[in-house]
Each structure stands twice: as structure tokens, then as C-alpha cells.
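First comes the structure, then the notes that go with it.
Nothing here was measured: the structure is a model prediction, and the numbers come from that model. For this chain, numbers begin at 1 and follow the sequence in order.
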Amino acid sequence: MDCGTIGFSMGDANLDNPVRIALIPGDGIGPEVMAEALPCLAWVASRGRKIEILQLPYGAEHYLATGETLPSAVFDNLRDGCDAILFGAVGDPRIPDGRHAEEILLRLRQDLDLTVNFRPCRPMVPGFDTTVDIEVFRENTEGPYCLQGTSEPGRAVDLAIHTEPAVRRLLEAAFQRAATKGHSLILAHKANVLKHGHGLWLRVFEDLRTRHPEVPARGMHADALLCALVQDPRAFGVIAADNYLGDLISDLCAAFVGGMGVTPSLSWAPHHPFRCAVLAEPVHGSAPDIAGKGWANPVGMLLSTALLFRHLGWEAEATAVEAAVKNALEAGAKTRDLGGELSTAAMGAAIRAGLPS
Ligand code: ATP
């Protein structure tokens with residue numbers, strides 16, 4: 001594999017069965033926010049967690065220099081030889097068709113079967129309504145993002161594929177989460193128009209609704225849902241949606257908690273088909289408009305790292321990172337997107353200062 005390998009292990013001198021985490025910083029602000037996550041990995045290692053980090057160079061720069069997006073041998077090694085991926089962002093104006101982004105990020109999501117994309121929106125930024133607590137469960141591998149379609153003069157077709165196994169996995173995860181949290185569950189759909197694809201979603205949803213009588217669950221047309229969300233976000237708990245609607249709804253929900261810079265996400269394969277079954281990444285993209293300026297907010301990346309820690313069973317570390325973020329924000333630490341002046345690095349340092357030793 002074309003990568004640097006760093007083994008972090010303190011407290012326990014050998015690296016028997018370390019958790020192998022691949023780092024793909026990617027493009028634009030991806031490497032800038034990833035630079036703030038790396039010390040958190042060193043911090044968990046300093047607490048005795050055995051991890052091994054693989055730094056991977058894939059992204060626009062590497063593609064333009066070599067023509068490589070994500071080589072098959074590297075993908076195979078990630079799938080079978082790693083436990084988790086920490087991802088920055090991909091997307092670069094020099095590659096307007098986004099080919100490299102498709103072949104890196106969409107391939108990882110699809111070929112690792114990372115069906116469930118979890119996007120929690122919990123306010124930590126002072127001034128935002130702290131009673132909002134929305135969690136979006138977005139199907140991550142299908143729908144109109146399956147990249148199948150055709151273009152010809154005057155006509156273009158994008159296919160949207162929905163399969164029962166993926167829909168069922170996503171909805172089952174959403175029902176389980178709603179049951180655990182005691183929240184309601186809304187399925188966002190447009191089955192009145194998208195009769196085939198969203199009709200399948202509704203059928204599976206009805207089946208699971210009868211199996212989870214403890215969860216107050218109902219479907220809503222996505223357009224009406226957006227209006228209701230803006231009117232009263234506090235009325236919502238868990239929202240499940242296909243890939244496309246989930247993408248839109250979660251970006252809207254980001255506005256309730258401080259914007260694109262502060263929202264995390266975690267994707268996983270509940271059926272665990274491969275060794276590597278989880279990927280953490282911020283909700284935001286590569287933000288070319290602010291890349292290289294040191295303005296990016298690292299909070300979304302750090303909260304994604306916390307979600308990964310929790311997924312790995314490192315609850316104390318996950319909670320500590322989340323508390324450090326919250327405390328730094330409450331103490332007034334802010335990047336420009338939040339109306340402050342801190343650089344990405346200064347914001348990362350302010351947060352890390354709150355981590356227990
Ligand atoms: P993608 O489709 O890849 O998710 P996008 O088109 O949604 O990307 P982003 O890259 O997420 O776009 O950027 C949207 C806006 O949010 C931009 O104006 C960008 O500057 C801002 N933004 C995104 N991430 C951050 C961040 N971490 N800190 C500050 N501003 C950000």
C-alpha cells in the first residue's frame with residue numbers, strides 16, 4: 001500500500017491487535033481539518049488504546065500527479081486489512097466532473113456496503129436552541145447517487161436504484177436508534193410521485209413499524225417535512241431518508257446547530273460484510289472557497305472522530321472529545337463561520353486543551 005504507517009501505542013509497548021485506522025485527508029479543507037483530528041488519535045493512544053494509523057494520499061493532488069484515484073489493491077487492503085477509515089473531504093475545481101471523488105469516496109461507501117450514514121445534529125454552539133436533537137439516518141449507497149445514467153443531446157437520465165436489503169438495513173438502524181433514545185421516527189419520502197423506489201421504502205417501513213410498536217413512527221412527504229422542520233425543529237427526533245433526501249435534509253438540519261462546519265457523520269455496515277465496516281467524515285465537503293486560508297472549522301471533523309471512538313467502544317474518549325468541543329465553544333472559541341476569528345489550528349488547540357491527560 002502506498003502510504004505511511006504510524007503506530008501509536010503507549011501504556012502497552014506492543015502493538016498486538018491494534019485497531020487499524022486509515023486516514024484519507026483528501027482535498028481542500030479536508031487535510032486542514034484532518035490535521036486537528038490527528039492529535040486526538042495520539043491522545044487516545046496515550047490513554048492506552050492500541051491503534052495503527054495508515055496515512056493515504058488519495059485525492060485531487062494525487063490524481064492530477066499520477067492519474068490514480070483509489071487503486072484496486074489499496075481498496076482491497078483497506079477492506080480486508082483495516083478496521084476503520086477517517087475521511088476528510090474530496091472535491092476540487094480542477095476536476096470539474098468530480099471523477100476522482102466518485103472513485104474514492106462513493107466507491108468506499110458503496111463497495112464497503114456502508115449503508116447507514118448517521119448525521120446527528122445536537123447544538124453545542126452558544127446561541128443555538130439547545131432543545132433541538134435531530135438524528136438523520138441517510139441511506140448511503142443507492143438512490144440517485146448510484147452513478148448510473150446516460151446523457152445525450154437534449155436528454156439526460158439518472159437512475160435511482162433502491163434495494164430491499166439496503167433499505168431494510170437503514171430503516172432497522174433508524175428504528176433501533178429511535179427505540180433506544182425514546183424518540184419518534186419520521187420516514188421522509190415522495191412515494192406519491194416516486195411510486196416504485198419510494199413505494200419500496202414505504203412497504204419496508206410499514207413492516208418494521210409493526211415490529212417496533214414502541215417507536216412512534218410515520219412517513220411524511222419530504223417537501224412538507226422540510227417546511228415543518230424549519231417551523232419547529234424541536235418537534236423532530238430521528239429522521240430516515242434515502243441517499244438524496246437524506247443529504248438535503250441533513251444539510252438543512254446543520255443550520256439549526258451552527259452550520260456545515262460543526263456537523264459530524266459516521267457511516268457503517270451493520271451486517272459487517274468486511275473487516276473495514278465504518279467510516280467517519282464531517283458532513284461538509286472540501287469547501288474550495290475557503291481552502292488554504294486556515295478558516296475551516298475543525299469541529300465537524302473532531303465530532304466525527306468522537307463518533308468513531310464511540311463506535312469502536314471507546315465511550316470515555318468519545319464523551320471527552322465531545323465535552324472538550326462543547327466547553328471550548330462555550331468559552332468563546334470560534335472560527336469565522338461562527339463569527340469568530342480563530343484559525344483552524346487555534347480552534348483545534350483550544351479544543352484539545354480541554355482533553356483530560
Ligand atoms: P459536498 O457536495 O462535497 O458536500 P458542498 O457543495 O455541500 O460539498 P461544502 O464544501 O460543504 O459544499 O461547503 C458549503 C459551504 O459551507 C461553503 O461556503 C463552505 O465554505 C462552508 N463550509 C463547509 N465546511 C466548512 C468548515 N469546516 N468550516 C467553515 N465553513 C465551511
Side-chain angles (χ1 to χ4, degrees), residues 113-123 129-145 160-257 263-272 283 307 310-311:
D113 244 352
L114 301 172
T115 315
V116 179
N117 180 224
F118 172 63
R119 296 181 160 195
C121 288
R122 269 178 233 116
D129 184 346
T130 52
T131 58
V132 171
D133 186 1
I134 300 173
E135 297 183 335
V136 177
F137 278 74
R138 166 194 177 192
E139 201 287 320
N140 209 25
T141 61
E142 302 187 336
Y145 292 8
I161 296 176
H162 305 267
T163 68
E164 182 161 344
V167 171
R168 193 169 280 280
R169 277 198 293 275
L170 185 279
L171 288 178
E172 183 59 47
F175 268 100
Q176 281 177 15
R177 179 67 178 172
T180 306
K181 288 201 77 181
H183 274 183
S184 65
L185 170 61
I186 299 283
L187 169 66
H189 69 87
K190 284 293 287 179
N192 52 335
V193 187
L194 305 174
K195 293 189 164 55
H196 303 284
H198 285 190
L200 169 67
W201 276 83
L202 267 189
R203 282 196 300 282
V204 177
F205 186 73
E206 280 311 311
D207 177 41
L208 290 175
R209 209 158 66 92
T210 58
R211 292 166 197 253
H212 290 277
E214 75 283 15
V215 177
R218 68 191 171 100
M220 266 184 97
H221 290 155
D223 39 3
L225 167 67
L226 292 176
C227 179
L229 260 173
V230 172
Q231 285 174 327
D232 187 9
R234 291 166 305 174
F236 292 85
V238 177
I239 300 174
D242 79 355
N243 206 339
Y244 185 39
L245 292 179
D247 197 8
L248 305 185
I249 292 166
S250 56
D251 274 24
L252 172 70
C253 291
F256 302 137
V257 299
T263 40
S265 90
L266 190 78
S267 303
W268 69 90
H271 53 319
H272 221 289
V283 165
L307 292 179
R310 180 164 293 119
H311 188 91

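- For the residue pair P270 and V116, the shortest heavy atom distance occurs at CG-CG2, 3.6 Å.
- Put simply, CD1 on I239 and OG on S184 are 8.5 Å apart, with the number rounded to the nearest 0.5 Å.
- The ring-ring contact (aromatic ring centres under 6.0 Å, His included) with F137 is formed by just one residue from the set F118, F175, F205; it is F118.
- Closest non-hydrogen pair, V257 versus P123, comes out as CG1-N, 3.6 Å.
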Checklist entry - For C121 and T263, what are the C-alpha separation, side-chain angles and deciding distance, and is it a side-chain contact (heavy atoms from CB on, under 4.5 Å)? => result CA-CA 7 Å; C121 288; T263 40; 4.1 Å; yes
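- For S265 against R119, the heavy-atom pair with the smallest separation is CB-CG, 3.7 Å.
- Rounded to the nearest 0.5 angstrom, T130 OG1 and R234 CZ are separated by 10.0 Å.
- Below 30°, between 30° and 60°, or above 60°: for H198 and H189 the angle between ring planes is above 60°, a perpendicular geometry.
- Contact annotation: the side chain of P233 never approaches that of D129 to less than 4.5 Å [non-hydrogen atoms, C-beta and beyond].
- When each of T115, D242, N243 is paired with R138, the side-chain hydrogen bond (donor to acceptor under 3.5 Å, both in side chains) condition holds for N243 and for no other.
- Side-chain contact annotation: H162 with W201, donor-acceptor N/O pair under 3.5 Å present.
- Here the closest heavy-atom approach between residue G199 and residue A191 is recorded as N-CB, 4.1 Å.
- Between the N140 side chain and the N117 main chain, no donor and acceptor come within less than 3.5 Å of each other.
- Side-chain contact between L226 and I249 is present, with heavy atoms from C-beta onward closer than 4.5 Å.
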Next on the checklist: Could you walk me through whether D113 and H271 satisfy the side-chain contact (heavy atoms from CB on, under 4.5 Å) test, starting with their C-alpha distance in whole Å, then the side-chain angles of each, then the deciding distance to 0.1 Å, before giving a yes or no?
Outcome noted: CA-CA 9 Å; D113 244 352; H271 53 319; 3.0 Å; yes
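- Residues I134 and L229 have side chains in contact (heavy-atom distance under 4.5 Å, counting atoms from C-beta outward).
- Taking both residues in full, the closest heavy atoms of L185 and A178 are given as CB-CB, 4.2 Å, listed atom of the first, atom of the second, then distance.
- Considering only heavy atoms from C-beta on, V204 comes within 4.5 Å of E164 through its side chain.
- R122 places none of its side-chain heavy atoms less than 4.5 Å from the side chain of V132.
- Looking at R310 and L266, their side chains never come closer than 4.5 Å, going by heavy atoms from C-beta outward.
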Item to check | salt bridge (Lys or Arg N to Asp or Glu O under 4.0 Å) between D207 and R203, worked out | outcome: CA-CA 6 Å; D207 177 41; R203 282 196 300 282; over 6 Å; no
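- Between the side chains of E172 and H212, at least one donor N or O sits under 3.5 Å from an acceptor N or O.
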Item to check | Check against side-chain contact (heavy atoms from CB on, under 4.5 Å), L187 and M220 | outcome: CA-CA 6 Å; L187 169 66; M220 266 184 97; over 6 Å; no
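- Inter-residue side-chain proximity for P264 and P120 is flagged as met; some heavy-atom pair is nearer than 4.5 Å.
- No side-chain heavy atom of E139 sits under 4.5 Å from any side-chain heavy atom of V167.
- The two atoms that bring A188 and L245 nearest to each other are O-CD1, 3.9 Å, heavy atoms only.
- To the nearest 0.5 Å, atom CZ of residue R209 and atom CG of residue L171 are 12.5 Å apart.
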